[in-house]
Amino acid sequence: MPGSTSTARMNAAPISSDLKPLPPRTLAEVRDQVAQEIAVQMVNKAELLDAVKIDDAGFLKQIAQTIKECCLQDFLFAVYTTGPPIDSSANFVFLCGSAEDYVQRAVLLTTSKFIGRVLGVRNEPAYTSFISVKDVGYTSYDESALWDVVRKSAQPPIDPLIPPPGSRGIEKILSDARAKLQRLKSTEAYEELCEPEVGAPTFLVDIRPADQRDEEGGINGALVIERNVLEWRFDPRSHSRLNIADRYDLRIIVFCSDGDSSSLAAYSLQQLGLLNATDIIGGYRAWRDAGLPVDIPIRTTRSVSSLPGQSSDGDHIGRYNGTFTIYTQEQAVHT
C-alpha cells in the first residue's frame, strides 16, 4: 500500500556520514578476489580420498595459485575450461598438485582418457601442467573421466603384491557366481534336454574355443557360440543377437571344458536378464565321462605324400604336430 511504503521509508535509519564509497579497483584486483573466493569454495567442497583432497571443475587457471596457498598438505586439482576457445584451437585441462608424482600420473591418465583429442602437453614449474584438449567439457564423459583421473592419480603408491581393497580373487568370483546358479550334473542336463515338452525353449551352448573342440570333440545338437560373443548373441536387446534370442525366459545350459568358465558365462547371462541360464558341473569332460552321446574326433596320421590336400572321402585335413591329420566326426557313446 502507498501509505505503508511511505511510512517505512520515513522510519528508516539515516545513512551514516562515516560511510564512504569504496575506492576504485582495477580489473586485476577484482579477478584476484574472485579467484580467492572460488578457490576457497572448491577446497571446501573437495573430496577426501586416501587423505588426499581432490576436485575438478570448470574454473580459470588463476585459481590454482590460490589453491596452493590454502592449508592443504596433499592435493590434486584438475581445472578445465569450457566453451569455444578464444586464443587457441582447443580448451585446456590445468593440473595442479602438491607433488610431482600426482601431476605426472594425472598427465598420463588424462592423455589416455582423451586419446585422439590431446593436442599438446606443457609442464610448468611448481607441480602444474597444461594439457590442450579439443572440445573438453561438452559431454558427461569428460567430467566422469576427469574425476577418474584425479581419484586414481591422488592415490598413494601401494605395494603391487598386495591386493587392492575391494578386489576379489578368481576363486571368490567363481564362488559368488555359482551361488546365483542352479547348476546341473551332466546327466540332469541330458534328461532335461530329452524332455518332449518344456516350459521354455532350451538350448545347450558350447562356449569352448575351436582348438578345444577339435581336441576333445563336441556334443551333437549343441549351439557353438564362443565365449567372447556369448552375451551379444543372447541379449534380446543386442543388434547382434541370434534369431532365437527374442525372449528372456530362454533356458540356456552352458558348458565349457571343465565347468569353470561356463559358470562365469552363465552368471553373465543372468545379469542380462536371462534368469534361467545355468551350466553343467564338470563341463564337457563330465558329460563325456558319464557315457553321454558325444561327437569325437578320430585322428588318422598319414604321410605327406599320401595327402595331396584332401582325402578322397572329403575329410578335412589339418597340420598336427608336424604331420597331416584327418579329422572325422562320428556319433559315439563313451565307455
Side-chain angles (χ1 to χ4, degrees), residues 112-113 140-141 144-145 147-148 151-152 163-195 198-290 292-295:
S112 297
K113 291 284 187 181
S140 58
Y141 167 85
S144 300
W147 268 115
D148 190 61
R151 288 191 178 110
K152 286 185 169 63
S167 65
R168 295 178 295 164
I170 186 58
E171 294 301 327
K172 175 61 175 173
I173 293 175
L174 184 60
S175 175
D176 291 346
R178 285 174 173 171
K180 308 294 193 303
L181 304 175
Q182 293 180 332
R183 307 185 71 208
L184 300 174
K185 297 179 181 179
S186 56
T187 52
E188 293 173 336
Y190 181 71
E191 291 171 1
E192 183 173 330
L193 291 165
C194 291
E195 287 289 334
V198 293
T202 303
F203 300 98
L204 183 64
V205 179
D206 185 349
I207 64 169
R208 295 173 299 161
D211 58 344
Q212 284 190 343
R213 297 196 304 270
D214 291 342
E215 177 70 21
E216 300 174 340
I219 300 176
N220 189 32
L223 292 176
V224 176
I225 303 176
E226 294 195 5
R227 179 66 189 90
N228 62 323
V229 296
L230 179 69
E231 290 84 352
W232 284 266
R233 297 296 180 263
F234 277 108
D235 184 0
R237 307 176 185 88
S238 171
H239 296 298
S240 302
R241 67 175 177 84
L242 300 174
N243 290 333
I244 58 173
D246 57 354
R247 50 196 291 176
Y248 286 93
D249 63 344
L250 296 178
R251 177 64 161 168
I252 304 173
I253 304 174
V254 185
F255 71 90
C256 62
S257 183
D258 55 10
D260 286 341
S261 60
S262 61
S263 295
L264 299 179
Y267 177 59
S268 180
L269 292 177
Q270 285 196 359
Q271 290 180 303
L272 295 177
L274 301 162
L275 302 182
N276 291 329
T278 189
D279 74 321
I280 296 176
I281 300 172
Y284 173 81
R285 295 172 186 172
W287 177 287
R288 180 194 61 196
D289 294 344
L292 300 174
V294 296
D295 296 331

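Source: prediction; values computed, not measured.
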Closest non-hydrogen atoms of Phe234 and Ile252, given as atom of the first, atom of the second and distance, are CD2-CD1, 3.5 Å

Looking only at heavy atoms, the pair that brings Ser268 and Glu231 closest together is OG-OE2, 2.6 Å

Closest heavy-atom pair, Leu274 versus Arg247, reported as atoms and distance to 0.1 Å, is CD2-O, 3.7 Å

Is any side-chain heavy atom of Asp260 closer than 4.5 Å to a side-chain heavy atom of Arg178?
yes

Smallest heavy-atom separation, Ala265 atom then Val254 atom, equals CB-CG1, 4.3 Å

Correct closest heavy-atom pair for Ser263 and Leu181 would be O-CD1, 3.6 Å

Next on the checklist: Measuring only between side-chain heavy atoms, which start at C-beta, is Arg285 closer than 4.5 Å to Ser257?
Outcome noted: yes

Rounded to the nearest 0.5 angstrom, the CZ-CG distance for Arg213 and Asp295 is 12.0 Å

Note to self: Working note: Leu250 + Asn276, criterion side chain to side chain contact (heavy atoms under 4.5 Å, CB included); need CA distance, chi angles, decisive distance, verdict.
What the structure shows: CA-CA 6 Å; Leu250 296 178; Asn276 291 329; over 6 Å; no

- Student check: side-chain heavy atoms of Ser186 and Phe255 closer than 4.5 Å: no

Check: Do Ser261 side-chain atoms and Gly259 backbone N/O form a donor-acceptor pair below 3.5 Å?
Finding: no

*Between Tyr267 and Asp176, is any pair of side-chain heavy atoms under 4.5 Å apart?*
no

* **Test log, rule side chain to side chain contact (heavy atoms under 4.5 Å, CB included), inputs Ile280 and Leu204** => CA-CA 10 Å; Ile280 296 176; Leu204 183 64; 3.9 Å; yes

Exercise for the section: Would you sort out whether Glu216 and Arg208 count as a salt bridge (Lys or Arg N to Asp or Glu O under 4.0 Å), showing the intermediate values? Expected result: CA-CA 10 Å; Glu216 300 174 340; Arg208 295 173 299 161; 2.9 Å; yes

**Q.** Arg168 vs Ser175, side chain to side chain contact (heavy atoms under 4.5 Å, CB included): CA-CA, chis, key distance, verdict
**A.** CA-CA 11 Å; Arg168 295 178 295 164; Ser175 175; over 6 Å; no

The single option from Val229, Asp235, Leu230 that satisfies side-chain contact (heavy atoms from CB on, under 4.5 Å) with Arg233 is Val229

Interatomic distance, OG1@Thr202 vs CG@Asp249, rounded to 0.5 Å, equals 9.5 Å

**Prompt:** Taking side chain as C-beta onward, heavy atoms only, is Leu269 less than 4.5 Å from Leu272?
**Reply:** yes

Heavy-atom distance under 4.5 Å between the side chains of Pro201 and Arg251, does that happen here?
no

Minimal heavy-atom distance between Tyr141 and Lys113, with the atoms involved, is OH-O, 2.8 Å

Query - Other residues, nucleotides, ligands: >12 heavy atoms within 6.0 Å of Glu226 CD - result: yes

Quiz prompt | Crowding at CZ, Phe203 (>12 non-hydrogen neighbours, <6.0 Å) | solution = yes

Problem - Side chain proximity check, Ile244 to Leu223, heavy atoms < 4.5 angstrom - result: yes

Rounded to the nearest 0.5 Å, the OG atom of Ser112 sits from the CG atom of Asp148 at a distance of 11.0 Å

Report, as yes or no, whether the 6.0 Å neighbourhood of atom NZ on Lys180 holds more than 12 heavy atoms from other residues, nucleotides or ligands.
yes

(message) Do Trp287 and Ile219 make a side-chain contact, defined as non-hydrogen atoms from C-beta onward lying under 4.5 Å apart?
(response) yes

- Start with the C-alpha gap between Arg183 and Asp279, add the side-chain angles, then the distance that decides, and say whether salt bridge (Lys or Arg N to Asp or Glu O under 4.0 Å) holds. CA-CA 5 Å; Arg183 307 185 71 208; Asp279 74 321; 2.9 Å; yes

d(Ile170 CD1, Lys172 NZ) to nearest 0.5 Å is 12.5 Å

